[in-house]
Asker: 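Got a structure here, written out as structure tokens. Questions coming.
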Amino acid sequence: FELERLGIHDSVDAVFPPSELATHLADLPVAVDVIGDDEIAACDAVVTLEYREAFLELDWIHSIQAGVDRFPFDDLEAEGVVLTNSTGIHDRTVGETVAGYLLAFSRRLHDHVANQQERRWERPEWDEAFTLPGNTACVVGTGTLGRGVAETLGALGVRVIGVRRSGDPVSGFEEIYANDDLLEAVADAEFVIATVPLTDETHHLFDADAFDAMREDAYFVNVARGPVVDEPALIDALESDSIEGAALDVFEAEPLPEASPLWELDEVIVTPHCAAYTRDYFRDVGEIVRENVGRLESGDEAFHNRVV
Ligand code: NDP
């Protein structure tokens, strides 16, 4: 198809100012404009966070997130709309966020921040703080996120094992299990970290059985998508001390409802779906868009990061 006008949909504003990306891409050989819902029809393609039905009239949609579970794959395919995503750019950001959660738990930083809010000078119990080397993290999903987490935690001395569909080895992981062996894979890990895409197969992958299989001193981390976890089962596991704690960036309902017990449970860190945030986000997304516009211009329709 002929690409003449690329819209930067204003929904990306939740992650970075759309004008930053438009300026970054101003040298492309196509018109690049920030657009609202009323200007979708005047474009051939969009870069977006959210989905709109009007996108079905376009040739190409680029998602600024790696997760594309909210896009209607069947409708896009039926209408011949290409969907590309932003996998490949979140290794370091999410890796450092996960390292931050682990360091908060091991060095008790979340307690100190909470105490500071109350002007309370209170040291941890003698046996609360620990160091990371010698601990094992089981990373479920060994793609961009999983590898970034493995690299960052590996540098902190954590032993990293992984879970993926095939069970084939991946560099940076000491051992790899297949999805079918999840319960065995999580059993000996002090940290269990979800980095899988949300699909029919991974929906509620972390259920009561998975939390039962974890150690009582295990921390669970979810930087993937809320529905890969059966959230009531996680809350039960936390409330009954069958696991030690959790760091959660994503939830079954977002924003996390005010009434959720997760806000106030001990040893739970809640972050507002921002594990991948960085001031360079628009540049990282821009390079994927630039690559694909270049391929289109050269007549190569093999899109980078194509999902549909
Ligand atoms: P990738 O496609 O690079 O990696 C996906 C990994 O999950 C692969 O190792 C893959 O396995 C594994 N996997 C296991 N089960 C399945 C399954 N049933 N279907 C598909 N893959 C499976 O994705 P990313 O690492 O870039 O992103 C992963 C997810 O993380 C995104 O889909 C998104 O939902 C979430 N995310 C969250 C962010 C946040 O802000 N919190 C930021 C970025 C992403 P195999 O090796 O067998 O193919």
Side-chain angles (χ1 to χ4, degrees), residues 12 14-16 49-51 62-71 73 83-101 137-153 160-173 175-183 185-186 192-207 210 220-229 246-252 254-256 269-282 284-285 287-288 303-308:
V12 307
V15 183
F16 52 76
L49 174 68
E50 292 172 6
Y51 175 69
H62 180 75
S63 160
I64 68 158
Q65 293 187 314
V68 281
D69 44 89
R70 69 202 173 291
F71 288 88
F73 292 2
L83 174 66
T84 54
N85 74 1
S86 294
T87 189
I89 63 174
H90 306 109
D91 43 355
R92 194 68 206 175
T93 49
V94 176
E96 290 192 10
T97 299
V98 171
Y101 296 143
C138 176
V139 179
V140 182
T142 58
T144 299
L145 256 63
R147 288 167 210 225
V149 167
E151 188 180 317
T152 319
L153 296 186
V160 185
I161 63 171
V163 179
R164 62 184 299 198
R165 282 172 293 188
S166 68
D168 290 345
V170 183
S171 88
F173 293 82
E175 242 179 289
I176 294 279
Y177 290 78
N179 277 8
D180 289 345
D181 300 322
L182 178 74
L183 300 188
V186 300
V192 176
I193 302 162
T195 51
V196 274
L198 172 61
T199 66
D200 291 343
E201 248 183 294
T202 62
H203 183 263
H204 286 195
L205 184 64
F206 295 92
D207 56 7
F220 174 69
V221 174
N222 188 6
V223 285
R225 281 291 179 272
V228 307
V229 173
L248 307 167
D249 189 51
V250 287
F251 303 88
E252 290 208 296
E254 295 180 14
L256 181 62
I269 296 176
V270 167
T271 55
H273 199 154
C274 58
Y277 271 45
T278 162
R279 58 171 72 139
D280 289 321
Y281 204 111
F282 73 93
D284 297 342
V285 166
E287 289 324 298
I288 301 174
F303 284 84
H304 177 57
N305 278 4
R306 182 166 183 173
V307 183
V308 174

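Throughout, residue positions are numbered sequentially from 1 according to the sequence presented. These numbers come from the heavy atoms of this one structure, side chains and all, not from hydrogens, waters or symmetry mates. Here the structure is a predicted model, which is why all the values come from computation and not from measurement. Both counts, for ligands and for their atoms, begin at 1 and track the order of listing.
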Asker: Polar contacts were defined as any N/O atom of the residue lying under 3.5 Å from an N/O atom of the ligand; does this apply to Arg164 and ligand 1?
Answerer: yes
Asker: Are side-chain heavy atoms of Val192 and Phe206 found at a separation under 4.5 Å?
Answerer: yes
Asker: Report, as yes or no, whether the 6.0 Å neighbourhood of atom CD on Glu50 holds more than 12 heavy atoms from other residues, nucleotides or ligands.
Answerer: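 More than 12 within 6.0 Å, yes.
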Asker: If we set the cut-off at 4.0 Å for heavy atoms, which region of Thr144 has an atom near ligand 1: side chain, backbone, both, or neither?
Answerer: both
Asker: Go through the structure and list residues passing side chain to side chain donor-acceptor pair (under 3.5 Å) with His62, not counting sequence neighbours.
Answerer: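 In terms of side chain to side chain donor-acceptor pair (under 3.5 Å), with neighbours along the sequence ignored, His62 is linked to Thr84, Ser86.
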Asker: Measure His90 to ligand 1 on non-hydrogen atoms and call it side chain, backbone, both or neither using the 4.0 Å cut-off.
Answerer: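 The answer is the side chain.
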Asker: Do side-chain atoms of Arg92 reach the backbone of Ile89 as a donor and acceptor pair under 3.5 angstrom?
Answerer: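 No.
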Asker: Just to be sure I read this right, does ligand 1 sit under 4.0 Å from the backbone of Thr202, its side chain, both, or neither, counting only heavy atoms?
Answerer: side chain
Asker: Which of the atoms in ligand 1, numbered in the order shown and given with their element, are less than 4.0 Å from a heavy-atom of Asp249?
Answerer: 39 (C), 40 (O), 41 (N)
Asker: Around atom 13 (N) of ligand 1, find the nearest protein heavy atom and jot down its residue, atom name and distance.
Answerer: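 That would be Val196 CG1, 3.8 Å.
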Asker: With a cut-off of 4.0 Å, which atoms of ligand 1 are near a heavy atom of Thr142?
Answerer: 6 (C), 8 (C), 9 (O), 46 (O)
Asker: May I ask you to check whether Leu145 has an N/O atom sitting below 3.5 Å from an N/O atom of ligand 1?
Answerer: yes
Asker: Does the pair Ile161 and Val139 meet the rule for a side-chain contact (heavy atoms from CB on, under 4.5 Å), with working shown?
Answerer: CA-CA 6 Å; Ile161 63 171; Val139 179; over 6 Å; no
Asker: So, does Glu254 use its side chain to make a donor-acceptor pair with the main chain of Phe251 at under 3.5 Å?
Answerer: yes
Asker: Kindly say whether Leu49 contributes a backbone atom to a donor-acceptor pair with the side chain of Arg70 at under 3.5 angstrom?
Answerer: yes
Asker: What is the closest protein heavy atom to atom 42 (C) of ligand 1, and at what distance does it sit?
Answerer: Ala276 CB, 3.7 Å
Asker: With a 3.5 Å distance limit and no angle check, can you tell me whether Asn305 reaches the backbone of Asn85 through a side-chain donor-acceptor pair?
Answerer: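 Present.
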Asker: Please identify which of these residues, Asp91, Val94, Val98, meets the side-chain contact (heavy atoms from CB on, under 4.5 Å) condition with Leu145.
Answerer: Val94
Asker: Using a heavy-atom cut-off of under 4.0 Å, does the side chain or the backbone of His273 touch ligand 1, or both, or neither?
Answerer: side chain
Asker: Can you tell me which residue and heavy atom of the protein come closest to atom 7 (O) of ligand 1, and the distance to 0.1 Å?
Answerer: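 Result for atom 7 (O) of ligand 1: Pro197 CD, 3.3 Å.
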Asker: Which residue and atom name correspond to the protein heavy atom nearest atom 4 (O) of ligand 1, and how close is it?
Answerer: Gly143 CA, 3.1 Å
Asker: Would you mind checking which non-hydrogen protein atom is closest to atom 38 (C) of ligand 1, with the distance to 0.1 Å?
Answerer: Val223 O, 3.6 Å
Asker: Applying side-chain contact (heavy atoms from CB on, under 4.5 Å), can you list everything that pairs with Asp168, at least two apart in sequence or on another chain?
Answerer: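 Per chain and number, Asp168 pairs via side-chain contact (heavy atoms from CB on, under 4.5 Å) with Arg164, Ser166.
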Asker: Does Thr199 approach ligand 1 within less than 4.0 angstrom via side chain, backbone, both or neither, non-hydrogen atoms only?
Answerer: side chain
Asker: Within the 4.0 Å heavy-atom shell around Ser166, which atoms of ligand 1 are there?
Answerer: 47 (O)
Asker: Tell me which protein heavy atom sits closest to atom 28 (C) of ligand 1, plus the residue, atom name and distance to 0.1 Å.
Answerer: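 For this ligand atom, the closest protein heavy atom is Thr195 O, 3.5 Å.
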Asker: Which residue and non-hydrogen atom of the protein lie closest to atom 15 (N) of ligand 1, and at what distance in Å?
Answerer: Asn179 ND2, 3.1 Å
Asker: Let's go through Tyr277 and Thr97 carefully: what are the C-alpha distance in whole Å and the side-chain angles of both, what is the deciding distance for side-chain hydrogen bond (donor to acceptor under 3.5 Å, both in side chains) to 0.1 Å, and is it a yes or a no?
Answerer: CA-CA 9 Å; Tyr277 271 45; Thr97 299; over 6 Å; no
Asker: Which residue owns the protein heavy atom closest to atom 2 (O) of ligand 1, what's the atom, and how far is it?
Answerer: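 It is Thr87 OG1, 4.1 Å.
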